[in-house]
**Student:** 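Quick one: the structure is below, questions incoming.
Residue numbers begin at 1 in each chain, while the letters A, B, ... track the order of the sequences. The structure presented is a predicted model; accordingly, all values stated were derived computationally and were not measured.
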Amino acid sequence: MRWSQFYLYTTREVPNDAEVVSHQLMMRAGMIRKAAAGIYTYLPLGWRSIMKMMDIVRREMDAAGAVELMMPAIHPAELWQETERWDAFGDLLLKIKDRNQRDFCFGPTHEEVVTDVVRRDVRSYRQLPLNLYQIQNKFRDEIRPRFGLMRAREFLMKDAYSFHAGADSLGETYEAMRAAYCRVFEDCRLEYSLVEAQSGTIGGSASHEFMVLAETGEDAVVSCPACGYAANVEKAEARPLAAAAAAGDQEELTEVSTPGATTISEVTDQLQVGADRLVKTLVYETEEGPVLALVRGDRDLNEAKLASYLGAQRLTMAGDEVVRRVTGAPVGFAGPVGLSPEIRRVGDQSIRQSSNFVVGANKADAHFTGVNWGRDVDLSEWTDLLLVTGGDGCPRCDGTLELHRGIEVGHIFKLGTKYSEAMECTYLDDQGKSHPMTMGCYGLGIGRTVAAAIEQNHDEDGIIWPLPLAPYEVLVIALNTRDEQVVELADRLYDQLQEQGSEVLYDDRDERPGVKFKDADLIGIPVRLVIGAKSLAGGQVEVSLRRDREKILVPIENAVERVLELLAG
RNA sequence: CGGGGCGUAGCUCAGCCUGGUAGAGCGCACGGUUCGGGACCGUGAGGCCGGAGGUUCAAAUCCUCUCGCCCCGACCA
């Protein structure tokens, strides 16, 4: 492609609404253009990378035995009502009405539609297992779209759904898909990690996420370098913490004045104790009413763990009013001592052995010290509520967990029969008995993976594409288009490379060399072939890699061969 | 949705506090000089100052309401 004929406009300035590098670089490199928050046009250069990504995914899905189809983007409400997700999905679901006021939504995921398809065609265990996939735009009216393609409201996703006669068969497909995903991310030359994950609103029994490690990631993951255990912090477990220091005998329960100390650090400052000697009492609201959760003062609570322990559908931090009603004190002074036993309370297991600790006194400007279980507080419900963090002990071995940030690029789930039961998607076994199909589902963010690749592969001048995702493999630059010899040679080398099957972008624009070099660095095409008057005088052209920028002068007649060698590896 | 910030030329921003003829750089067009790391000189086009109300002799500027966008939190590929 000749640049002069292409649709590619780069910018020098970084757009004021782009925060993270991948977003900035995609905007500057003329790959995407924003239409509205979280809604983008893929411009020709960006679209080429997206298509590369889709090709890789398609190849691996096909190899794993999945069959491609294309489902509608617009779904009738009835299907979503069958699984009760029409309401459960809430405002994330982008809803519309047709001219007859019938309800529809833009599909955020396709369990309902695919299950509806399969239940009409599949009757027998002999037709199973099945694995169907598509690559399609998804629509989620995110509360907060951000970071360009990283979290968009309209985004490309590969989604696959498998159907089985029983859990063993699901296990096999799940394993095959896990392996296929690994190959996809390896093909993209991405540094990723596979972590245990929370199932979230999709539901199901087991799930794993594929995380691309990057500082700007929205997720936190912990991993154990010793045994390889890795999990999203939402899901992660840790070896139980050592009990907060319990020096000697039980102290007396004492109310102390702590004026204005509503935060952990203010309390520790005023009382001169470590945060690990505090037990904080968090008030949550659930559909069953308020719940108190107790965790060590220096640690955070994992809301997902609390919600799943309680079996709560809805879990939110209580507002000022509720806290005041439950504890009789303003926010910041809640504690378990002397509260009505009517209110459910759950303690994190790591404080079970604690003694002589500090808690809020349920009145303004006061705390209790010397608090002990049994004598001062009765607590019968204990579970793991801890938000695991770096430095915690690995739950599987003696190792210590490390904390990293990651971008979730893929997520695979064992769904079980949640959807097949709700939608009566059944098969007959060899005894003629009817069962709901066991299902799995497998998502992979196309645009997000491309963005993640940029997060991992860039420098101060621009993108450094890994070859498999590069919009073009080779950039041929005619340094000075006024020089006939330069142009003639550049034209010829461009033609030859194309004949050899390379994907070539040819910068034939009438621009100054500086502009061409800056643009070349910005758009990050892996191999660069520069034809300029200086080297040409010596019968040479310049070949270089974007990654290391080391320039090699090669004789004109060897140029094409040299470029092909670099592309080959 | 809660908290914070921003809407002025295609882009990045100044001007607003203290009301009085709308600015710069980049980009774009034309002419000239240049041509191996975002050149230089000259000329020019381009703006209902996000929108609606209000205050005022006078509003980009002050007030109210709206819409959009960005950042921080709970959700997700």
**Student:** Would you jot down, in residue-number order, the residues of residues 14-27 of chain A having a non-hydrogen atom under 4.0 Å from RNA chain B?
**Tutor:** Val14(A), Pro15(A), Asn16(A), Asp17(A), Glu19(A)
**Student:** Report the C-alpha separation of Leu505(A) and Arg2(A) in whole Å, then their side-chain angles, then the decisive distance to 0.1 Å, and conclude whether the side-chain contact (heavy atoms from CB on, under 4.5 Å) test is met.
**Tutor:** CA-CA 6 Å; Leu505(A) 179 62; Arg2(A) 285 174 177 266; over 6 Å; no
**Student:** Decide yes or no, distance alone: a donor-acceptor N/O pair under 3.5 angstrom between the base of G73(B) and the side-chain of Glu218(A).
**Tutor:** no
**Student:** Here's a test for you: under side chain to side chain contact (heavy atoms under 4.5 Å, CB included), which of Leu294(A), Val346(A), Leu301(A) qualifies with Leu282(A)?
**Tutor:** Leu301(A)
**Student:** Write down the distance between CD (Glu285(A)) and P (G2(B)), rounded to a whole number of angstrom.
**Tutor:** 16 Å
**Student:** Using the rule given for ring pair (Phe, Tyr, Trp, His ring centres under 6.0 Å), can you reason through Tyr506(A) versus Trp3(A), listing the C-alpha separation, both sets of side-chain angles and the distance that settles it, and then say yes or no?
**Tutor:** CA-CA 6 Å; Tyr506(A) 173 23; Trp3(A) 194 318; over 10 Å; no
**Student:** Quickly work out the Glu111(A) CD to A77(B) C1' distance and round it to whole Å.
**Tutor:** 12 Å
**Student:** For nucleotides G46(B) and G25(B), find the distance between their C1' atoms and express it as a whole number of Å.
**Tutor:** 15 Å
**Student:** How are the rings of His208(A) and Tyr174(A) set relative to one another: parallel (under 30°), tilted (30 to 60°) or perpendicular (over 60°)?
**Tutor:** tilted
**Student:** Atom CG of Leu93(A) to atom P of C76(B): distance rounded to whole Å?
**Tutor:** 13 Å
**Student:** Whole Å only: how far is the CG atom of Asp91(A) from the P atom of G2(B)?
**Tutor:** 13 Å
**Student:** Can you find a donor-acceptor pair, distance only, under 3.5 Å between Arg448(A) side chain and C76(B) base?
**Tutor:** yes
**Student:** Quick one: Asp141(A) CG to A77(B) P, roughly how many Å, whole number?
**Tutor:** 16 Å
**Student:** With rounding to whole Å, what would you report as the distance between G20(B) and C62(B) at their P atoms?
**Tutor:** 11 Å
**Student:** Using the closest heavy atom to pick a nucleotide of RNA chain B for each, name whichever of Gly443(A) or Lys34(A) lands nearer the 5' end.
**Tutor:** Lys34(A)
**Student:** Classify the nucleic acid contact of Asp219(A) as base, sugar-phosphate or nothing, counting any heavy atom under 4.0 Å across all strands shown.
**Tutor:** base
**Student:** Quick one: look up who G38(B) pairs with, Watson-Crick or G-U, both distances under 3.5 Å, and put none if it's unpaired.
**Tutor:** none
**Student:** Determine which nucleotide pairs with U21(B), using a 3.5 Å limit on both distances of a Watson-Crick or G-U wobble pair.
**Tutor:** none
**Student:** Taking only distance into account, with no hydrogens and no angle test, what donor-acceptor pairs under 3.5 Å do side-chain atoms of residues 142-150 of chain A form with protein atoms, sequence neighbours excluded?
**Tutor:**
{"unit_1": "Arg146(A)", "atom_1": "NE", "unit_2": "Glu218(A)", "atom_2": "OE1", "d": "2.9"}
{"unit_1": "Arg146(A)", "atom_1": "NH2", "unit_2": "Glu218(A)", "atom_2": "OE1", "d": "2.9"}

**Student:** Does Glu68(A) offer a backbone N or O that forms a donor-acceptor pair with the side chain of Gln134(A) under 3.5 Å?
**Tutor:** no
**Student:** If I pick the P atom on C13(B) and the same atom on G44(B), what distance separates them, to the nearest angstrom?
**Tutor:** 28 Å
**Student:** Listed in order of residue number, which residues of residues 152-162 of chain A have a non-hydrogen atom at under 4.0 Å from RNA chain B?
**Tutor:** Ala152(A), Phe155(A), Met157(A)
**Student:** Mind checking whether Tyr7(A) and Tyr9(A) have parallel, tilted or perpendicular rings, split at 30° and 60°?
**Tutor:** perpendicular
**Student:** Please determine, for C49(B), whether a Watson-Crick or G-U wobble partner exists with both distances under 3.5 Å, and give it or none.
**Tutor:** none
**Student:** Given the C1' atoms of U61(B) and C26(B), what is the spacing between them in whole Å?
**Tutor:** 26 Å
**Student:** Take atom P in A24(B) and the same atom in A14(B), then report the distance between them in whole Å.
**Tutor:** 16 Å
**Student:** Does G7(B) pair with anything, Watson-Crick or G-U wobble, both distances under 3.5 Å, and if so, with which nucleotide?
**Tutor:** C67(B)
**Student:** Does the structure show a Watson-Crick or G-U wobble partner for U55(B), both distances under 3.5 Å? Name it, or say none.
**Tutor:** none
**Student:** For Tyr284(A), give me all partners under ring-ring contact (aromatic ring centres under 6.0 Å, His included), at least two apart in sequence or on another chain.
**Tutor:** none
**Student:** The side chain of Glu234(A) is closest to which nucleotide in this list: U12(B), C69(B), C76(B)?
**Tutor:** C76(B)
**Student:** Atom OH of Tyr9(A) and atom P of C28(B): how far apart are they, to the nearest Å?
**Tutor:** 11 Å
**Student:** If you measure from the P atom in A59(B) to the same atom in U21(B), how many Å do you get, rounded?
**Tutor:** 11 Å
**Student:** Would Asp519(A) and Arg12(A) count as a salt bridge (charged side-chain N to carboxylate O under 4.0 Å, His left out) if you check the C-alpha gap in whole Å, the side-chain angles of each, and the deciding distance to 0.1 Å?
**Tutor:** CA-CA 9 Å; Asp519(A) 275 342; Arg12(A) 188 199 295 232; over 6 Å; no
**Student:** Report the residue (Pro145(A) or His411(A)) whose heavy-atom-nearest nucleotide on RNA chain B is the more 5′ of the two.
**Tutor:** Pro145(A)
**Student:** Could you state the CD-P distance from Glu142(A) to C75(B), rounded to the nearest angstrom?
**Tutor:** 12 Å
**Student:** Would you indicate what Phe147(A) reaches in the nucleic acid, counting non-hydrogen atoms under 4.0 angstrom: base, sugar-phosphate, or nothing?
**Tutor:** sugar-phosphate
**Student:** Is the centre of the Tyr181(A) ring less than 6.0 Å from the centre of the Tyr442(A) ring?
**Tutor:** no
**Student:** Is it the case that the side chain of Thr327(A) and the backbone of Ala334(A) share a donor-acceptor pair, with hydrogens and angles ignored and the cut-off at 3.5 Å?
**Tutor:** no
**Student:** Any chance CD of Glu191(A) has more than 12 other-residue heavy atoms, nucleotides or ligands included, within less than 6.0 Å?
**Tutor:** no
**Student:** With C1' as the reference atom in both, quote the distance from A39(B) to C35(B) in angstrom, rounded to an integer.
**Tutor:** 8 Å
**Student:** Using purine N1 to pyrimidine N3 plus N6-O4 or O6-N4 for Watson-Crick, or N1-O2 and O6-N3 for G-U wobble, each under 3.5 Å, what pairs with G44(B)?
**Tutor:** C28(B)
**Student:** Salt bridge (Lys or Arg N to Asp or Glu O under 4.0 Å): which pairs involve residues 523-542 of chain A, sequence neighbours left out?
**Tutor:** Asp521(A)-Arg528(A)
**Student:** CG of Leu282(A) versus P of G73(B): gap in Å, rounded?
**Tutor:** 18 Å
**Student:** Which part of the nucleic acid, if any, lies within reach of Arg146(A) when heavy atoms closer than 4.0 Å are counted: base, sugar-phosphate only, or nothing?
**Tutor:** sugar-phosphate
**Student:** How many angstroms lie between CD in Glu196(A) and CD in Glu234(A), if you round to the nearest 0.5 Å?
**Tutor:** 13.0 Å
**Student:** Taking the P atom in each of A60(B) and G50(B), what is the distance between them to the nearest angstrom?
**Tutor:** 10 Å
**Student:** Base, sugar-phosphate, or nothing: which does Glu209(A) touch, judged by heavy atoms less than 4.0 Å apart?
**Tutor:** nothing
**Student:** Base contacts versus sugar-phosphate-only contacts with protein, heavy atoms under 4.0 Å: please encode nucleotides 31-39 of chain B as B, S and - from 5' to 3'.
**Tutor:** ---BBBBBB
